[in-house]
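First the structure, in the form of structure tokens, and then the observations on it.
Letters A, B, ... mirror the listed sequences (proteins, then strands); counts begin at 1. What you see below is based on every heavy atom in this structure, not just the backbone, and it leaves out hydrogens, waters and symmetry mates. In this text, all values refer to a predicted model and were calculated from it rather than measured experimentally.
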2 protein chains.
Amino acid sequence: MTRKTRATGRTTIKDVAAAAGVSAITVSRVLRTPERVSPATRDRVTEAVRALDYLPDPAASALASQRTATVGVVLPSVTNTVFRDTLRGIYTEAAARAVQIQIANTRYDPGEETRAIRLFLSQRPAALIVTGIDQSEEAATLLAEAPCPIVQITETGPSAHDMMIGFDHGEAVELATRHLIAAGYRRIGFLGARQDPRSLRRMEGFCAALRAAGLFEPERVLFSDAPASVTSGAEQLGRLLERDSAADAVLCNNDDLALGVLFECQRRGLAVPDRIGICGFNDFEWMAAAVPPLTSVSTPRAEIGRRAMAMIGERLENPGMAPEVVQLDVSLKIRESTRKR
Amino acid sequence: MTRKTRATGRTTIKDVAAAAGVSAITVSRVLRTPERVSPATRDRVTEAVRALDYLPDPAASALASQRTATVGVVLPSVTNTVFRDTLRGIYTEAAARAVQIQIANTRYDPGEETRAIRLFLSQRPAALIVTGIDQSEEAATLLAEAPCPIVQITETGPSAHDMMIGFDHGEAVELATRHLIAAGYRRIGFLGARQDPRSLRRMEGFCAALRAAGLFEPERVLFSDAPASVTSGAEQLGRLLERDSAADAVLCNNDDLALGVLFECQRRGLAVPDRIGICGFNDFEWMAAAVPPLTSVSTPRAEIGRRAMAMIGERLENPGMAPEVVQLDVSLKIRESTRKR
DNA sequence: ATGAAAGCGCTAACAC
DNA sequence: GTGTTAGCGCTTTCAT
């Protein structure tokens, strides 16, 4: 016995092959391309797989085929409700296909994003989903050369690496701002939290709409360093009113802030919508349930996740496909909080 | 040239070895156990790794070593804020260690949970994190025989598969219920959403506390089929008041429901806390910011994630370690919503 | 401290 | 439609 062997105790494809009286490659074919195997053989193999409770080793498969069934998802945050909804969409669609999801959390740091992309690519993912359009130069190069489908989500823009699905953040906020102006508000403030690229583009949409109406006033644009929260929304309303005690509406860069603003108005006895109008962004579930119901920009977060995954699925089935770039619509949910009398 | 080769274009450990003038195994050692390599060799190899921009192939490594650096996390939901916070804790701690996270979303289905555990185990994870203590018999067997550390999170209980970290859900709600009784409420309702095992144990804690005080009334216990939401909290308050128009407090099985109850009270002009007392569960950020601030049971969600990951790290470094079972404390945040005059 | 050889479990390539 | 053979890139084992 000079043979050395590293027995792992694992049930392997050879065990199944032996049990079914075929060769290993036939088992492999039954599992991956059953249509290329005769029905009789297929049944025997299937039965042996079940009898032995065989599960293929994904590492061996990845090594041999240079492919995995893992889709890497690069997100700036796993905490943020926005991405939570997108993730839900991704998981929903992934469940239908035989893919695994692996998430990298970059904490809004381009360096971490680049590292995550490198790491994912070293694992030969089936596809990659990355957030936004502001990758570092290095990351952009990696993505350009990547041998797998790439979907950029959340935002659309020029020069897609491959596929893209999202909406125009600046335009979405312009829409909301024009609504506030049309509703009769004149001294409108903007409350923002973390300044990621999409927040900034939303702020720009706000400024553009007000400038067009001759109502822009930079001191009414506030950003806090803290991540968005209900508490910080309340605080920021206070700061806005210190700067302009006659401010009559706020566009909140997200709904946590809007809820905080509502509470602060209740605390100070400021009537919503007559004294202060409130508009949020994202249309989280509580906006419609609040008293009064709060106007918000409804964003297709789950749909982005779902369709990103669906686009990947289609591409994997049909690699020749032209890369899609999908621009989704947002809709403004006008509710009582901006119905000034 | 009859040799057939499946050139992948990838930079491999052999390329690094050649560049550094050593053998492949030495490169492997520098990467995994640098202390066993002489400093001079180590430097040459490190330099070659950088020069060639070498990243090891995790699939090849997994196959050869029968190990991966992936920690599988089995969660009933990626949507629920509770698990979002736990995930944040897991990612926070994982960033410090060189592990990847892979999440399986079971949608509260024991069958899917079992399948997810089987699938993870077929990938030889570095460790597994599973939610709760109610695994199927099959899953329990798999976990018992698993060759890697296991942490059960969110809840503690008897017969841990291995390690455990969580808190006692029944006791947490008993605490809150006793507070409501002590605050002077007598006709207390319970509002619940999805009936997962932990929700049920919380409801039992509620019932136990009321029975002990002679105040239990089954018709004041409500569960909805819908997942927890602000909207459903508002609806359920309505249903509770239909059943008992003199109900004077609600214990909400989570904070989304509590927020909905607050809004419904505002809508109906029911004074909080004097006409209706409100207590939530989890202490989400908005509870303290609401008007009035809402009492809630603060649960250590992020800490559970963080420490679960930390326990895994310690165990991987020191496999002899005795399995820890950690029971964390919850604390009741008493706020104005239960300060009846 | 370093290396040679073998093998982890699977699939690509080619043959029949 | 099925099988043979080699090899994916790494690490284990054993030797020096």
- Message: Distance check needed: D:dC10 C1' versus B:Arg10 CZ, whole Å only.
- Response: 11 Å
- If you find the nucleotide of DNA chain D closest to B:Arg29 and the one closest to B:Ala59, which residue's nucleotide is nearer the 5' end? B:Ala59
- Taking NZ, NE, NH1 and NH2 as the nitrogens, is one of them in B:Arg118 or A:Asp53 under 4.0 Å from a carboxylate oxygen of the other? yes
- Look at the side-chain N and O atoms of B:Arg36 and state whether any lies under 4.0 Å from the OP1 or OP2 oxygen of C:dG3. no
- Task: Ignoring hydrogens and angles, state whether a donor on the side chain of B:Arg32 or B:Ser28 is under 3.5 Å from an acceptor on the partner side chain.
- Result: yes
- Can you tell me the distance, in whole Å, between the CZ atom of B:Arg67 and the C1' atom of D:dC10? 12 Å
- Whichever of B:Ala64 and B:Ser23 has its nearest DNA chain C nucleotide further upstream toward 5': B:Ser23
- Are the charged groups of A:Arg198 and A:Asp196 less than 4.0 angstrom apart, N to O? yes
- Item | Short side-chain N/O contact to C:dG3 OP1/OP2 from B:Thr26, under 4.0 Å | yes
- B:Ser38 side-chain proximity, nearest of D:dG3, C:dC10, C:dT2: C:dT2
- Message: From CD of A:Gln66 over to P of C:dA13, roughly how many Å is that when rounded to an integer?
- Response: 11 Å
- Message: Check this for me, if you would: do A:Asp15 and A:Arg10 make a salt bridge, where the nitrogen-to-carboxylate-oxygen distance has to be below 4.0 angstrom?
- Response: no
- Query: Nearest of C:dG3, D:dG3, C:dG9 to any side-chain atom of A:Ile25?
  - Reply: D:dG3
- Length of the CG-P vector between B:Leu63 and D:dT11, whole Å: 11 Å
- A:Ser65 vs C:dC10: side-chain N/O to OP1/OP2 distance below 4.0 Å: no
- Considering only side-chain heavy atoms of A:Ser61, which listed nucleotide, D:dC8, D:dC10, C:dT11, is closest? C:dT11
- Note on the structure: In whole angstroms, the gap separating P of C:dA13 from CZ of A:Arg32 amounts to 11 Å
- Message: If you compare every side-chain N and O of A:Tyr54 against the phosphate oxygens of C:dC10 (OP1, OP2), does one of them come in below 4.0 Å?
- Response: yes
- Is the closest basic N to carboxylate O distance between B:Arg50 and B:Glu47 below 4.0 Å? yes
- Task: Indicate whether OP1 or OP2 belonging to C:dT2 is found under 4.0 Å from a side-chain N or O atom of B:Thr41.
- Result: yes
- Rounded distance in Å - CZ (B:Arg42) to P (C:dA1): 10 Å
- Hey, is the side chain of B:Thr8 poking within less than 4.0 Å of OP1 or OP2 on D:dC8, counting only N and O atoms? no
- Task: Tell me which nucleotide among D:dT2, C:dT11, D:dG3 gets nearest to the side chain of A:Ile13.
- Result: C:dT11
- What's the CG-P distance between A:Leu31 and C:dG9, to the nearest Å? 16 Å
- Note on the structure: note: A:Asp57, atom CG; C:dG9, atom P; distance rounded to Å ~ 7 Å
